[in-house]
Amino acid sequence: MTDVIKKYIVFAFQIVIVISFIIGTYFLITRPASSGDESLFVNDLNLIKSQGWITAIATKVSITYLLLAYPFSFFLPDFMALRLVNVLLFLLLLLYFVKWGAIKNKMFFFYLLFYSSTGWFTAGTNDVIFVVCSIVFFNEVYKALEDKQNSKVTLLWCSLIVVFFTRELFYVYAPIFLFSLYLLYRKGILLFQKPLIPLALFVFFIVVNIPSLQKNHALSYDHKMPPKEVKATWGQRQYLGQLLVNEGKLENYQHPSWEETEAYLDKNGVKSLPISTLDGMLFDYKLTITEFCKDFADVFKGTIRQMGLIMPIILCFLLYQVFRQKITYNLYVPFVNLVMIAIFSLIIISYVESRWLIAPFIMGMLYYSDIEWDKKINSNLIYLNYTATIAISVYGIYKMFLFFI
């Protein structure tokens, strides 16, 4: 492949990615108001305005996210206030990468735009604050392990604290968060530099959580409850959904209605479906193993639509280095991706939602851009990824164009 062809491929890649990002973002940010989980947070904002913060927190809401959206809701519709916060958080993430991300390869920003054309930051949910703070945590750990400049331990702790108080999803990530801190300890990184700032932030969130701690004996997280008259749980509904999918009675990535779930329990007994996600993992070992393999493959295939060939490349790079017994701190990011995909594939019996893995996926793109810059991967793979990404983007633009006409 000549240098001229390579330049044309890179130029085409950059142009197509920018167009895809602009069209995709517009398409998703203009979606109907309060669609999907966004309605939950709109209702929570309304609850705060009508009954006050103390009552809302006692009822359980996402405090970190709503604290940011609340001021905007006085001069914007609630759903717009929620979306604006997430757009601003996305811009803040870009600023972080530009100023403090220690980005070696500027192509990373095009990879990030390509992934972001999926619109992960455009919906009015608390996913974005969780994702942005998780990315900052992972990148600060990565910078410290790689001996990059300006690693900020205080920022690392503050990001982790916000993640902890934002979503219960934190507990799924907890093993990899703890492992990350352990690696920093092993490398001799001083973990408690300027501890007063993280400590003050932690105390602040504990104090604002007091109404929930008093009433529920738990922190205040967004609480997606079934209708009051329903006795079934989300775990039972999701588990039944997978059973019905496997029987060909329900399309994949769908859930049965609450009425169908209740009817199933009435017919087969309360113990016929597991109550929680953990119960579901232990309910039927054969099904758990089968769904683990299927979900892992589905997530892996999904990354190609979202990231091109980046995930296959970095995971193959990880396995190649392990095979050669060259296990170093440099493998931290692909290891995080492999472990988090495996964890979600194991504990989720129905289907894994890609939004749960946004933070490690974006870090995977950053890692890929680094090993690309350091010439640790074959140049033919790099240009193959450019070409594949162009094809995926053009197809996505075509699909969106069909929708508009």
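Within 6.0 Å of CG in Leu213 there are more than 12 heavy atoms belonging to other residues, nucleotides or ligands. Other residues, nucleotides and ligands place no more than 12 heavy atoms under 6.0 Å from the OH atom of Tyr182.
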- Could you please spell out the steps behind the ring-ring contact (aromatic ring centres under 6.0 Å, His included) verdict for Phe130 and Phe170? CA-CA 9 Å; Phe130 184 93; Phe170 170 88; 7.8 Å; no
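Considering only heavy atoms from C-beta on, Val18 comes within 4.5 Å of Phe110 through its side chain. Side-chain contact between Ile358 and Tyr115 is present, with heavy atoms from C-beta onward closer than 4.5 Å. Side-chain contact between Lys187 and Leu184 is absent, with no heavy-atom pair separated by less than 4.5 Å.
A salt bridge between Asp279 and Lys271 is absent, with no side-chain N of the basic residue lying under 4.0 Å from a carboxylate O of the acidic one. Between Lys49 and Asp44, none of the side-chain N atoms (NZ, or NE/NH1/NH2) sits under 4.0 Å from a carboxylate O, so this pair counts as no salt bridge. A salt bridge does not link Lys148 to Glu146: none of the charged side-chain nitrogens sits closer than 4.0 Å to a carboxylate oxygen. A salt bridge does not link Arg237 to Glu260: none of the charged side-chain nitrogens sits closer than 4.0 Å to a carboxylate oxygen.
We find the OG-CZ distance between Ser39 and Phe79 to be 13.0 Å, quoted to the nearest 0.5 Å.
Ring-plane geometry between Tyr173 and Phe138 is classed as tilted, the angle between the planes lying from 30 to 60 degrees on a 0 to 90 degree scale. Below 30°, between 30° and 60°, or above 60°: for Phe121 and Phe90 the angle between ring planes is below 30°, a parallel geometry. Aromatic ring orientation, His255 versus Trp234: perpendicular (interplanar angle above 60°, classes split at 30° and 60°).
Inspection of the Asn126 and Ser62 side chains reveals an N or O donor paired with an N or O acceptor under 3.5 Å. No hydrogens or angles considered: a donor-acceptor pair under 3.5 Å links the side chains of Asp127 and Thr125.
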Pair up each side-chain donor or acceptor in residues 296-312 with any protein partner under 3.5 Å, not counting sequence neighbours, and list the distances.
residue: Thr303; atom: OG1; partner: Phe300; partner atom: O; Å: 2.5
residue: Gln306; atom: NE2; partner: Ser354; partner atom: OG; Å: 3.2

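A search for side chain to side chain contact (heavy atoms under 4.5 Å, CB included) contacts involving Thr288 returns Met281, Leu346, Ile349, not counting sequence neighbours.
Side-chain rings of Tyr329 and Tyr142 stay apart, their centers remaining 6.0 Å or farther from each other.
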